[in-house]
Amino acid sequence: MSSAAASSAFILALSSGTPGGRRRGAPPFRSGASLNFPLWAPPPPPPRAPRDDATVARAEAGPGGRDAAPPERRAGAGADATSRQPNARRKAVSRRRDPVQPVGRYGSGPGNAGASQNGALAGGEIKSIVAAPPASIVKFAGPGYTVILPTQDVAPRAVVPAPEPPLPPPEENFVSRPASIPKPGTDGNAGFGEVDVERVPNPIPPPPPAPEPEPAVQEQEAAWDFKKYIGFDEPDETKDEAGVDADVAGSFEDYENDDPGPLAGENVMNVIVVAAECSPWCKTGGLGDVAGALPKALARRGHRVMVVVPRYGDYAEAFDMGITKYYKAAGQDLEVKYFHAFIDGVDFVFIDAPLFRHRQGDIYGGNRQEIMKRMILFCKVAVEVPWHVPCGGVCYGDGNLVFIANDWHTALLPVYLKAYYRDNGRMQYTRSVLVIHNIAHQGRGPVAEYPYMDLPEHYLQHFELYDPVGGEHANIFAAGLKMADQVVTVSRGYLWELKTVEGGWGLHDIIRSNDWKINGIVNGIDHQEWNPEVDVHLRSDGYTNYSLRTLDAGKRQCKAALQRELGLEVRDDVPLLGFIGRLDGQKGVDIIGDAMPWLAGQDVQLVMLGAGRADLERMLQNLERTHHDKVRGWVGFSVPMAHRITAGADVLLMPSRFEPCGLNQLYAMAYGTVPVVHAVGGLRDTVAPFDPFGDAGLGWTFDRAEPNKLIEALGHCLDTYRKYKESWRAIQARGMSQDLSWDHAAELYEKVLVKAKYQW
Ligand SMILES: Nc1ncnc2c1ncn2[C@@H]1O[C@H](COP(=O)(O)OP(=O)(O)O[C@H]2O[C@H](CO)[C@@H](O)[C@H](O)[C@H]2O)[C@@H](O)[C@H]1O
């Protein structure tokens, strides 16, 4: 792992490639040092011409439309209160240790989340980042910007066929001048601050771009299949012999009566889900699953839904929309293009930029600076997507619009939305919801790096956080949580835990003071993807699809296929235990390792699939080597193998130390595989313990993430498996009969979106 040390100022705890080692380079700021960061606040916006937003017509008609909207209340009173307290404490301290994140897939730090129980707070040392209060930083003159984005547009290759394009943000023309942003250094930080230009307003406006020729419009329409998109492609049977449309010839009233309308009713909105990963294109864990499935469920309810995700590779389904924009991230001008696919009722928009390209195999890779730069760019671009990207020919517009941001990677989006636009009287009908999938990764970094986020100076207070372990730092997740209109976390149990000192990972005070807007909603299952009846990964190599009706034969066949594929003895009577997950402290795979002496004495087979921390990968390999007759440790990321283990195993082990929701236990239950879990977070919410007397329950739970507790619960589980076949079968059947679909979760999300919409 590369150290970010030499990038003198920047030690944001973002990168999976950056340990919390001591920084080598001299920090740019010491108490009393001269500071010249280009901090600024956007001046008041120019008067805005009235216009209509190009949103879906039916959405506009809703009660929350712009006409119905009450006057806005400025958010943030509570947020301000939370940020003041750390300031007071900070003043008493002249030198601080800098927060350096642990490694994580989300770019936190080496030990990874669970390694240090609060790894996000642990880390290496920095010599005095900022000893002076923020006021001393922010008084330096800015370059006099107005609004920061976008820096400059180029004419799109094709004219957008929107009936009336929405108003873009104020355009500025820029000329280059020497940058005043200090370069953090070059060690492992090549791209950061490497462009010695920054943008200053050019008093001479350029001529407006020439209109595009007519053929380009046709080309664009063809590419988007406009008619198909809005449902104009009606089958020939609907036309009578004279070619008259049946609807037109018949009763329009009948047509209206037949149409039940969207499930969401008058609540339909334009929804833009913004995430750093999205299954099936790019996934490292549960966030990818959620970003791939929740939007489809929202679309089924009638919302117009878009997913915005970086384009890490060449995705066959997505086509270049022919639009180019330029954005600035961490001092560098970056070209951005947009790729689009319309699948299952959802617009998937892939942001193409050099920073994202070729990251497919390592989407959170690079050092902390690189990760942060990518996320700054991504959030700046995403917040303007509703203006610039005409999906199906029509931009979403900023009326009746809600963004759903996910985890710290996109926690800057609610901040940009407010700082750039809503504070300036723009995007007044746009809301943001931030979803906490995992608070262990927060985007921590030194206050000195705040200027790279291109935010007004008075926003610094929302980022500032002091805690005893991490010291004084800037915290992206903290700011996002304060700025979002509503917050969701992925189970009610986890919401409760987030408010505790142990579970809040330093953000518990912020969670508590924003409790009024935080909701717990358990994730769902994408039944196209995780369904034993249609699972494509069970169609070959001896596996088979099955349902509750064919469970016994189906699972037997899948188990035998799994044993064969992995070279285990093919036996139906031996309980087959599975584990699937990222190999880090969170998932507790080491607890299984510690329980191995006991497991070795049992007549069981154990299959583990995971990738992550090198020591845990080695552990899997060692366990396989030592217990080759009964253990397989598959190191790597294999979606087909995850499906096959879920289908072929009898029991799924999840000894997670913490688990915001957990998807694998949901998948397991849908496949008739019985979960044995540490009762924490979403695992406690979703796995009701087996009650042999009441013939109820879905699996086994244990109350501490310790090997002896796992052994105790697993012992009872194996006992039931071997001796009480009927009870076992009933547990399986109850698990498979649950409604774990995203449709239910989407309904709950919709309530949150509506709350946000009417929140002023
Ligand atoms: N080696 C491997 N090969 C193939 N597939 C693999 C794999 N390792 C993991 N996966 C897959 O990745 C997903 C992981 O889901 P989790 O719920 O464990 O999410 P994770 O902890 O990453 O994310 C966070 O976000 C999710 C979503 O909100 C929360 O459920 C969770 O508690 C929280 O920690 C599953 O689909 C699993 O099959």
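Since the model is a prediction, treat every value here as computed from it, not as a measurement. Remember, it's 1-based here, ligands and their atoms both numbered in the order they're listed. Numbers for residues simply follow the sequence, beginning at 1.
With values rounded to the nearest 0.5 angstrom, Asp407 atom CG is found 7.5 Å from Leu434 atom CG.
Ligand 1 places these atoms under 4.0 Å from at least one heavy atom of Gln586: 21 (O), 34 (O). Those atoms of ligand 1 that come under 4.0 Å of a heavy atom in Lys587, given as number and element, are 16 (P), 18 (O), 20 (P), 21 (O). Atoms of ligand 1 lying under 4.0 Å from at least one heavy atom of Gly610, given by number and element, are 1 (N). Using a 4.0 Å cut-off to heavy atoms of Gly581, the atoms of ligand 1 that qualify are 8 (N), 9 (C). Near Asp289, with a cut-off below 4.0 Å to any heavy atom, the atoms of ligand 1 are 13 (C), 35 (C), 36 (O). Against a heavy-atom cut-off of under 4.0 Å, Pro660 is close to the following atoms of ligand 1: 32 (O), 33 (C), 34 (O). Against a heavy-atom cut-off of under 4.0 Å, Gly285 is close to the following atoms of ligand 1: 12 (O), 13 (C), 14 (C), 22 (O). Ligand-side atoms of ligand 1 in range of Val290: 27 (C), 28 (O), range being under 4.0 angstrom from any heavy atom.
A salt bridge does not link Lys587 with Asp590: none of the charged nitrogens is closer than 4.0 Å to a carboxylate oxygen.
The N/O atoms of Phe637, backbone and side chain alike, include none that comes under 3.5 Å of an N/O atom in ligand 1. For Gly636, a nitrogen or oxygen atom sits less than 3.5 Å from a nitrogen or oxygen atom of ligand 1, counting backbone and side chain alike. Looking at ligand 1, you'll find an N or O of Cys661 within less than 3.5 Å of one of its N or O atoms. Polar contact check, Gly662 against ligand 1: a nitrogen or oxygen pair lies under 3.5 Å apart.
The aromatic ring centroids of Trp281 and Tyr312 lie 6.0 Å or more from each other. Side-chain rings of His409 and Tyr364 approach one another, their centers coming within less than 6.0 Å. Aromatic rings from Trp505 and His441 are positioned such that their centres are separated by 6.0 Å or more. Taking the six-membered ring where the residue is Trp, the centroids of Phe579 and Trp634 are separated by 6.0 Å or more.
Residue contacts with ligand 1 for Lys283 involve side-chain atoms from C-beta outward but no N, CA, C or O (heavy atoms, distance under 4.0 Å). Residue-level proximity to ligand 1 for Val490 is carried by the side chain, the only part with a heavy atom below 4.0 angstrom. In Asn523, the part holding a heavy atom less than 4.0 Å from any atom of ligand 1 is the side chain.
Residues satisfying the side chain to side chain contact (heavy atoms under 4.5 Å, CB included) test with Thr701, not counting sequence neighbours, are Val677, Ala679, Val687, Pro689. Listed by chain and number, the residues in a side chain to side chain contact (heavy atoms under 4.5 Å, CB included) with Pro640 are His537, Ser638 (sequence neighbours excluded).
With atom 25 (O) of ligand 1 as the reference point, the heavy atom nearest to it among His437, His643, His441 is part of His437.
Residue contacts with ligand 1: Tyr667 is included, with a non-hydrogen atom under 4.0 Å away. Proximity of Gly288 to ligand 1 is not established, as no heavy-atom distance is less than 4.0 Å.
Each of His627, Met608, Glu624, Gln605 was evaluated against Arg632; a single residue qualifies, Glu624, per the side chain to side chain contact (heavy atoms under 4.5 Å, CB included) test.
Here the closest non-hydrogen pair linking Glu617 and Leu583 is CG-CD1, 3.6 Å.
Counting heavy atoms of neighbouring residues, nucleotides and ligands inside a 6.0 Å radius, atom CZ of Arg512 exceeds 12 of them.
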